[in-house]
*Asks:* 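The following block contains the structure, expressed as structure tokens.
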Amino acid sequence: MSFEWPWQYNFPPFFTLQPNVDTRQKQLAAWCSLALSYCRHHKLYTLDVMEAQESPVFNNKKIERKLSMEAIQVVFEELRKKGNLEWLDKNKSRCLVMWRRPEEWGKLIYQWVSKNGMVNSVFTLYELSNGDDTEGEEFHGLEDWMLLRSLQALQTEGKAEIITMDDGKGVKFF
């Protein structure tokens with residue numbers, strides 16, 4: 001299934017931050033939505049700021065328009081404020097993109113555990129994110145850092161406990 005671009009993507013002014021405050025807010029909301037949808041579709045969890053400008057998200061070759069680095073930084077800052085982005089370094093050159101927050105992933109994982117009668121079971125992190133049983137689930141292939149944060153959210157809710165095993169970490173669901 002190919003990615004479906006929003007109508008604004010082919011509208012040249014979309015690639016220039018608008019001076020009017022109301023228009024800019026709507027524009028930033030559309031950019032945030034586009035960036036998150038694109039990352040979700042392609043299962044991207046990390047972005048490099050320098051590479052972002054050449055990424056199809058911020059560079060529409062068809063209309064020969066690209067978002068400036070300054071504007072990309074503004075979009076990323078907006079995503080950070082919403083809790084969808086976290087910087088990996090002080091220079092703000094790489095970031096984690098959370099198109100689903102850890103609590104949302106935790107909820108999906110717990111629904112799968114409950115639906116399959118696996119409460120009170122122990123899993124390795126690998127089994128959850130890459131095991132045959134989870135193939136076809138949205139969280140299959142989830143990167144370890146996000147899986148761990150999701151399980152920490154469940155642990156806070158009292159629905160799981162992260163445990164250390166001989167070969168790494170595991171989790172028990174309650």
Side-chain angles (χ1 to χ4, degrees), residues 1-6 9 29-59 72-73 75-174:
M1 189 167 84
S2 66
F3 183 71
E4 202 167 304
W5 298 98
Y9 188 70
W31 271 114
C32 289
S33 175
L34 170 58
L36 291 174
S37 297
Y38 184 86
C39 288
R40 180 180 189 159
H41 181 81
H42 293 284
K43 291 199 171 201
L44 299 174
Y45 298 97
T46 55
L47 289 177
D48 183 287
V49 176
M50 295 308 284
E51 293 171 7
Q53 197 177 30
E54 295 307 315
S55 159
V57 179
F58 301 111
N59 185 357
I72 291 171
Q73 290 284 6
V75 171
F76 282 4
E77 181 56 24
E78 193 70 17
L79 286 168
R80 188 198 61 75
K81 286 181 195 168
K82 292 178 175 188
N84 295 110
L85 183 141
E86 202 173 283
W87 292 109
L88 286 171
D89 59 358
K90 285 184 170 76
N91 299 333
K92 296 184 176 181
S93 64
R94 289 187 56 73
C95 59
L96 299 174
V97 180
M98 296 176 267
W99 32 274
R100 256 210 182 104
R101 288 194 289 288
E103 302 77 27
E104 295 169 305
W105 282 117
K107 187 177 179 185
L108 274 179
I109 293 167
Y110 197 78
Q111 285 171 346
W112 176 81
V113 167
S114 299
K115 182 178 74 183
N116 289 289
M118 297 184 179
V119 173
N120 292 320
S121 298
V122 175
F123 293 89
T124 64
L125 299 191
Y126 181 84
E127 286 174 313
L128 276 178
S129 62
N130 299 296
D132 294 340
D133 292 341
T134 63
E135 215 164 294
E137 297 298 325
E138 277 192 74
F139 58 87
H140 187 83
L142 193 61
E143 290 192 0
D144 285 349
W145 67 270
M146 180 57 91
L147 179 60
L148 206 50
R149 287 188 186 187
S150 305
L151 297 174
Q152 287 165 342
L154 287 174
Q155 186 168 271
T156 301
E157 294 174 28
K159 294 181 176 178
E161 182 183 354
I162 299 168
I163 53 179
T164 303
M165 302 164 80
D166 294 339
D167 56 350
K169 291 192 184 295
V171 62
K172 180 173 181 167
F173 293 98
F174 304 110

*Asks:* Could you tell me whether the side chain of Val97 reaches within less than 4.5 Å of the side chain of Asn84, counting heavy atoms only?
*Replies:* no
*Asks:* Taking the six-membered ring for Trp and the single ring otherwise, decide whether the centroids of Trp99 and Tyr38 are under 6.0 Å apart.
*Replies:* no
*Asks:* Once you round to the nearest 0.5 Å, how far does NZ of Lys43 lie from CG of Leu142?
*Replies:* 8.0 Å
*Asks:* Search all heavy atoms of Met165 against all heavy atoms of Val122 and return the closest pair with its distance.
*Replies:* CE-CG1, 4.3 Å
*Asks:* What's the spacing between Thr134 OG1 and His140 NE2 if we round to 0.5 Å?
*Replies:* 5.0 Å
*Asks:* Rounded to the nearest 0.5 Å, what separates atom CD in Glu138 from atom CZ in Arg40?
*Replies:* 5.5 Å
*Asks:* Set out, in order, the CA-CA distance, both residues' side-chain angles and the distance that settles side-chain contact (heavy atoms from CB on, under 4.5 Å) for Asp144 and Ser129, then state yes or no.
*Replies:* CA-CA 8 Å; Asp144 285 349; Ser129 62; 4.3 Å; yes
*Asks:* For Gly106 and Ser150, work out which heavy atoms get closest and say how close.
*Replies:* N-CB, 3.7 Å
*Asks:* Please determine if Glu157 and Lys107 form a salt bridge, counting it only when a charged side-chain N lies under 4.0 Å from a carboxylate O.
*Replies:* no
*Asks:* Is there side-chain contact between Ser37 and Phe3, with at least one heavy-atom pair below 4.5 Å?
*Replies:* yes
*Asks:* Quick one: CG on Leu36 to CZ on Arg100, what's the gap to the nearest 0.5 Å?
*Replies:* 11.5 Å
*Asks:* Is it the case that more than 12 heavy atoms not belonging to Tyr126 sit under 6.0 Å from its OH atom?
*Replies:* no
*Asks:* Are any of the side-chain heavy atoms of Val75 and Ile72 separated by less than 4.5 Å?
*Replies:* no
*Asks:* If every non-hydrogen atom of Leu128 is compared with every non-hydrogen atom of Phe139, which pair is closest and at what distance?
*Replies:* O-CE1, 3.4 Å
*Asks:* With a 4.5 Å limit on heavy-atom distance, are the side chains of Leu34 and Trp5 in contact?
*Replies:* yes
*Asks:* Taking all atoms of both residues into account, what is the closest heavy-atom pair of Lys92 and Trp87, and its distance?
*Replies:* O-CZ3, 3.2 Å
*Asks:* Cut-off 3.5 Å, no hydrogens considered: what does the side-chain donor-acceptor table look like for residues 50-57, sequence neighbours left out?
*Replies:*
{"from": "Gln53", "atom 1": "NE2", "to": "Leu67", "atom 2": "O", "distance (Å)": "3.1"}
{"from": "Glu54", "atom 1": "OE1", "to": "Asn59", "atom 2": "ND2", "distance (Å)": "3.3"}
{"from": "Glu54", "atom 1": "OE2", "to": "Lys66", "atom 2": "NZ", "distance (Å)": "2.7"}
{"from": "Ser55", "atom 1": "OG", "to": "Val57", "atom 2": "N", "distance (Å)": "3.2"}

*Asks:* Side-chain contact, heavy-atom cut-off 4.5 Å: Arg80 with Phe76?
*Replies:* no
*Asks:* May I ask you to test the Leu96-Glu143 pair for a side-chain heavy-atom distance under 4.5 Å?
*Replies:* no
*Asks:* Between Gln152 and Ile162, is there a side-chain heavy-atom distance shorter than 4.5 Å?
*Replies:* yes
*Asks:* Could you state the interatomic distance from CZ (Phe173) to CE (Met118), rounded to the nearest 0.5 Å?
*Replies:* 10.5 Å
*Asks:* Testing the basics here: between Leu125 and Leu148, what is the closest heavy-atom pair and its distance to 0.1 Å?
*Replies:* CD1-CD1, 3.8 Å
*Asks:* Evaluate the side-chain proximity of Val49 to Gln73: yes if any heavy-atom separation is below 4.5 Å, no if none is.
*Replies:* yes
*Asks:* More than 12 heavy atoms of other residues, nucleotides or ligands under 6.0 Å from CG of Asp132: is that the case?
*Replies:* no
*Asks:* Take Val119 and Ser114 through the side-chain contact (heavy atoms from CB on, under 4.5 Å) test and state the conclusion after the steps.
*Replies:* CA-CA 6 Å; Val119 173; Ser114 299; 4.1 Å; yes
*Asks:* Grab the two heavy atoms, one from Cys39 and one from Leu47, that are nearest each other, plus how far apart they are.
*Replies:* SG-CD1, 4.1 Å
*Asks:* Go through it in stages, so that I can follow the logic: the residues are Asp133 and Glu127, the test is side-chain contact (heavy atoms from CB on, under 4.5 Å), and I'd like the CA-CA distance, side-chain angles, deciding distance and then a yes or no.
*Replies:* CA-CA 8 Å; Asp133 292 341; Glu127 286 174 313; over 6 Å; no
*Asks:* Hey, could you give me the CD/CE distance between Glu86 and Met98, rounded to the nearest 0.5 Å?
*Replies:* 4.5 Å
